[in-house]
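First comes the structure, then the notes that go with it.
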There are 4 protein chains.
Amino acid sequence: MPKIVDKKAKARAISSVALTVFRKRGYPGTRMSDIAEAAGIGKGTLYEYFKDKADILRFEFDRYFEHFSASLLEAINKDSRPSEKLLALIDFTLGHTIEWEDHCAVYMDYFSSARADQDEGFSLSCMYGQMKEILMNLIHEGQESGEIDPAFNAAALSELFVSIYDGIIIHRLFTGQTVDRELFRKTALNLIQNGMIVQGVMKG
Amino acid sequence: MPKIVDKKAKARAISSVALTVFRKRGYPGTRMSDIAEAAGIGKGTLYEYFKDKADILRFEFDRYFEHFSASLLEAINKDSRPSEKLLALIDFTLGHTIEWEDHCAVYMDYFSSARADQDEGFSLSCMYGQMKEILMNLIHEGQESGEIDPAFNAAALSELFVSIYDGIIIHRLFTGQTVDRELFRKTALNLIQNGMIVQGVMKG
Amino acid sequence: MPKIVDKKAKARAISSVALTVFRKRGYPGTRMSDIAEAAGIGKGTLYEYFKDKADILRFEFDRYFEHFSASLLEAINKDSRPSEKLLALIDFTLGHTIEWEDHCAVYMDYFSSARADQDEGFSLSCMYGQMKEILMNLIHEGQESGEIDPAFNAAALSELFVSIYDGIIIHRLFTGQTVDRELFRKTALNLIQNGMIVQGVMKG
Amino acid sequence: MPKIVDKKAKARAISSVALTVFRKRGYPGTRMSDIAEAAGIGKGTLYEYFKDKADILRFEFDRYFEHFSASLLEAINKDSRPSEKLLALIDFTLGHTIEWEDHCAVYMDYFSSARADQDEGFSLSCMYGQMKEILMNLIHEGQESGEIDPAFNAAALSELFVSIYDGIIIHRLFTGQTVDRELFRKTALNLIQNGMIVQGVMKG
DNA sequence: CATGAATGAGGATTCATTCAT
DNA sequence: TATGAATGAATCCTCATTCAT
């Protein structure tokens with residue numbers, strides 16, 4: 001009678017430990033043995049749960065992304081106006097970088113390693129594309145309803161938002177946090193709100 | 001009489017080639033032999049001009065940083081008002097990411113994977129620190145003169161600007177460019193300008 | 001259940017093989033792959049048991065030194081008179097060079113070329129210092145009790161003995177053995193005995 | 001009209017500088033560029049005067065050995081009795097290690113590298129053989145004339161003398177000098193004299 | 001299932017030697 | 001003759017992955 005274990009659960013437990021190690025040492029700087037040691041299991045055991053090193057990263061990234069996607073829709077649908085939805089979305093992403101801070105490091109690691117593996121053309125545009133799509137639609141709607149300054153190019157603006165999201169993550173990764181997170185979040189939101197929203201309409 | 005070579009010039013030529021290789025293959029994914037081959041020289045020759053792999057990057061980084069610092073002051077000093085200076089500074093950095101695109105991409109790549117051994121004399125925090133200092137001073141001045149919305153926390157705002165700078169670079173690294181650069185630059189500048197500047201004062 | 005290996009025993013087996021390779025090819029001339037091949041294992045496996053090349057030697061050196069130190073005290077304490085102890089000590093060291101011939105040869109080889117980086121924890125001077133200390137004390141005692149010719153300077157004489165020890169080893173390394181070892185040992189002992197001991201007292 | 005230089009003289013000047021570098025860094029630890037730099041010439045120039053790195057060492061060794069051989073005969077022939085000749089010879093060699101101290105380091109380096117180069121059988125016995133031959137003859141003569149203790153095996157004793165010579169050199173190389181050289185020399189000579197010479201005969 | 005011992009491909013770096021000038 | 005720029009063979013060491021137990 002084989003020992004019965006919840007493979008899924010153990011995989012999650014392992015990758016969760018791995019995440020903290022990745023966070024500390026960076027993905028390329030982390031050895032499989034580091035992970036095994038931190039998880040208190042044998043090196044070989046890792047391969048019972050994951051195909052290879054990248055697979056651990058991928059697994060944890062997927063968790064991150066799934067949660068992100070699911071929560072995103074929820075966050076948007078609370079509000080009704082396009083501009084409100086848009087701000088809610090942005091606020092959500094900023095909050096998400098705080099809540100899933102450890103994963104954000106992985107997020108960067110994931111892209112870097114993915115880029116390195118595939119000589120050319122590993123395009124993340126598909127993943128980002130989804131996000132930009134949502135943003136663009138909201139911007140368009142907001143511009144049509146007069147809530148958002150029509151002077152903005154929707155594609156450029158949505159790309160900017162995604163870039164800001166990435167930037168906040170990586171800058172924190174590089175320098176650590178120097179400013180209080182919630183203050184930082186509010187600052188960012190204010191800047192975007194002031195910069196984008198047509199005041200008369202919002203207030204009216 | 002020996003062959004006479006302009007060592008400085010050749011070092012620059014090599015590191016310049018190396019940079020494009022780093023861009024294509026990523027820093028960790030680039031072998032010294034790749035660089036040598038691309039530069040049309042022997043592997044050993046690299047070590048006549050550079051201490052090690054990181055030294056090649058450091059060399060280009062210095063060039064980048066020197067140019068950045070020098071141009072920055074120039075860009076700022078054209079204008080007189082704090083808010084104008086601030087916008088000029090932001091505009092300059094955005095333009096700089098376009099002009100030095102390869103360098104930016106490679107640094108992001110390097111720093112996001114180096115983490116573990118970030119002590120080799122790449123003055124990342126020094127560069128960011130300097131930048132934030134300048135930003136904060138301008139924001140403060142602008143707030144005192146009433147040009148910039150006093151509701152903003154200067155430290156948070158300057159960190160946000162630097163984050164946006166990083167974000168633009170890394171997002172481009174991940175996805176390539178999907179939006180016209182100049183349009184993108186203008187969009188970012190507009191958002192920041194609208195979001196931060198007190199209109200009455202500016203127009204007055 | 002993993003393969004269980006007596007790491008200590010395997011390390012000794014490997015280093016033991018390595019020693020013979022060092023002896024044959026010289027320390028600098030021995031490649032890690034030579035050792036691996038001779039030991040019938042993979043190159044990487046060496047690093048499971050030893051930090052680096054020098055560590056293999058260090059391991060054998062420790063074994064040698066431990067055995068040397070332990071046996072030394074034993075050899076001395078059999079006799080009671082200082083002069084007898086001294087001769088026993090010298091006799092012991094001469095015998096030791098025969099018994100541990102390979103080790104001796106390799107150390108000479110190592111130390112005569114290492115010079116530049118003699119800081120890695122080979123306690124050469126410590127070993128010599130200890131030895132000279134013991135020798136000097138015995139000589140002094142012997143001189144006080146009238147067994148040893150008081151004309152000798154104790155420090156110089158003990159340094160001479162250690163030099164002879166080194167000389168016997170290195171000469172054998174260079175030329176191989178041309179004279180029967182036991183005869184050689186006896187000759188050396190006689191010379192020293194005759195040269196140092198005050199006859200009247202010994203015989204009396 | 002070519003620049004006329006005394007090739008021999010320049011070679012000697014170079015190898016003389018090289019010697020001091022070898023002494024300091026050891027032969028394997030000395031780079032050709034180190035020598036060139038110390039000699040104030042270009043790296044390539046070394047190859048105008050020497051076939052390769054080993055050739056520089058060999059050159060300097062030859063100088064040493066030639067001087068040694070020539071002076072040796074001189075030293076011996078001053079005295080007439082075998083035992084006096086023998087002691088003079090030993091005294092000469094001891095003095096020689098003091099006078100040619102720098103070369104002694106090279107002497108060891110030379111043998112080590114020679115051993116490393118030739119997988120097997122690089123036998124120094126020919127060189128040492130000459131020395132041992134002389135020693136053995138003197139010992140035999142001394143024993144026949146009753147000056148030297150007939151209990152000694154001449155071959156073993158002469159090998160011992162050569163070993164002591166080597167030992168003094170290498171021990172000094174390892175540990176530096178701790179005892180005054182002249183005192184050390186006298187001590188060694190006394191030990192040998194007392195140990196070997198039949199007193200009655202010498203004095204008689 | 002679990003393990004960790006074994007592996008070897010892979011890469012950075014060194015340095016004696018060559019050779020164009 | 002003198003040079004030093006260029007070279008690439010050679011070697012150490014790392015670490016993801018495999019597999020016998």
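Computed over heavy atoms, backbone and side chain alike; hydrogens, waters and symmetry mates excluded. Below, chain A is the first sequence line, B the second, and so on; all start at residue 1.
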Worksheet item: How far does CZ of A:F22 sit from OG of A:S113, to the nearest 0.5 angstrom?
Response: 9.0 Å
Worksheet entry | Euclidean distance, A:F111 CZ relative to A:I170 CD1, rounded to 0.5 Å | 10.5 Å
Worksheet item: Taking atom C1' of F:dA5 as reference, at what distance in whole Å does atom NZ of B:K8 sit?
Response: 18 Å
Item to complete: Would you check if C:Y49 and C:K8 make a side-chain contact, meaning some heavy-atom pair closer than 4.5 Å?
Response: no
Discussion item. Expressed as a whole number of angstroms, how long is the span from B:K51:NZ to E:dA12:C1'?
Written reply: 12 Å
Listed pairs under 3.5 Å, donor-acceptor, residues 34-44 of chain D side chains, sequence neighbours left out:
{"from": "D:D34", "atom 1": "OD2", "to": "D:R25", "atom 2": "NE", "distance (Å)": "3.4"}
{"from": "D:D34", "atom 1": "OD2", "to": "D:R31", "atom 2": "N", "distance (Å)": "2.9"}

Response to the item:
Stem ranges of DNA chain E by first residue number, counting only runs of at least 3 Watson-Crick or G-U pairs under 3.5 Å, come to E:2-21 with F:2-21
Worksheet entry | A:Y49 OH - F:dT17 C1' separation (whole Å) | 18 Å
Worksheet, complete the sentence: Comparing B:E48 with C:T45, nearest DNA chain F nucleotide closer to 5' gives the residue B:E48
Fill in: Within residues 31-39 of chain B: residues closer than 4.0 Å to DNA chain E (heavy atoms)
B:R31, B:M32
Worksheet item: In whole Å, what is the span from the NZ atom of D:K53 to the P atom of E:dC15?
Response: 8 Å
Worksheet entry | Within residues 101-111 of chain C or reaching into it, pairs that qualify as salt bridge (charged side-chain N to carboxylate O under 4.0 Å, His left out) - sequence neighbours excluded | C:R23-C:E101, C:R23-C:D102, C:E101-C:R181, C:D109-D:R115
Fill in: 4.5 Å side-chain heavy-atom contact, B:M108 and A:F174
yes
Item to complete: Write down the distance between CG (C:D52) and P (E:dT13), rounded to a whole number of angstrom.
Response: 18 Å
Worksheet item: What are the two closest non-hydrogen atoms of A:I14 and A:L46, and how far apart are they?
Response: CG2-CD2, 3.7 Å
Fill in: Residue closer to the 5' end of DNA chain E, C:G44 versus D:A54 (nearest nucleotide)
C:G44
Fill in: side chain to side chain contact (heavy atoms under 4.5 Å, CB included) between C:Y107 and C:I169, worked out
CA-CA 9 Å; C:Y107 303 148; C:I169 294 170; over 6 Å; no
Practice prompt. Kindly say if A:K10 contacts the phosphate of E:dC1, meaning a side-chain N or O under 4.0 Å from OP1 or OP2.
Written response: no
Worksheet item: How is D:I41 classified with respect to the nucleic acid when contacts are heavy atoms under 4.0 Å: base, sugar-phosphate, or nothing?
Response: sugar-phosphate
Worksheet item: Taking CG from D:L46 and P from F:dA2, how many angstroms apart are they, rounded to a whole number?
Response: 11 Å
Item to complete: Specify the residue among C:K7 and B:Y47 whose closest nucleotide of DNA chain E lies further upstream toward the 5′ end.
Response: C:K7
Discussion item. Checking A:E48 now: which residues fulfil side chain to side chain donor-acceptor pair (under 3.5 Å) with it, not counting sequence neighbours?
Written reply: none
Fill in: Shortest side-chain distance from C:K43, nucleotide among F:dT3, E:dA2, E:dA9
E:dA9
Worksheet item: Taking atom C1' of F:dT11 as reference, at what distance in whole Å does atom OH of C:Y27 sit?
Response: 13 Å
Worksheet item: Base, sugar-phosphate, or nothing for C:F50, non-hydrogen atoms under 4.0 angstrom?
Response: nothing
For residues 52-64 of chain A, tabulate all N or O donor-acceptor pairs below 3.5 Å that involve a side-chain atom, not counting sequence neighbours.
{"from": "A:D52", "atom 1": "OD1", "to": "A:A54", "atom 2": "N", "distance (Å)": "3.3"}
{"from": "A:D52", "atom 1": "OD1", "to": "A:D55", "atom 2": "N", "distance (Å)": "3.0"}
{"from": "A:K53", "atom 1": "NZ", "to": "A:Y27", "atom 2": "O", "distance (Å)": "3.1"}
{"from": "A:K53", "atom 1": "NZ", "to": "A:T30", "atom 2": "O", "distance (Å)": "2.7"}
{"from": "A:D55", "atom 1": "OD1", "to": "A:R58", "atom 2": "NH2", "distance (Å)": "3.4"}
{"from": "A:D55", "atom 1": "OD2", "to": "A:K51", "atom 2": "N", "distance (Å)": "3.0"}
{"from": "A:E60", "atom 1": "OE1", "to": "A:S15", "atom 2": "OG", "distance (Å)": "2.4"}
{"from": "A:E60", "atom 1": "OE2", "to": "A:R63", "atom 2": "NH1", "distance (Å)": "2.6"}
{"from": "A:E60", "atom 1": "OE2", "to": "A:H103", "atom 2": "NE2", "distance (Å)": "2.9"}
{"from": "A:Y64", "atom 1": "OH", "to": "A:Y165", "atom 2": "OH", "distance (Å)": "2.3"}

Worksheet item: Can you tell me how far P of F:dT7 sits from CD1 of B:I14, to the nearest Å?
Response: 9 Å
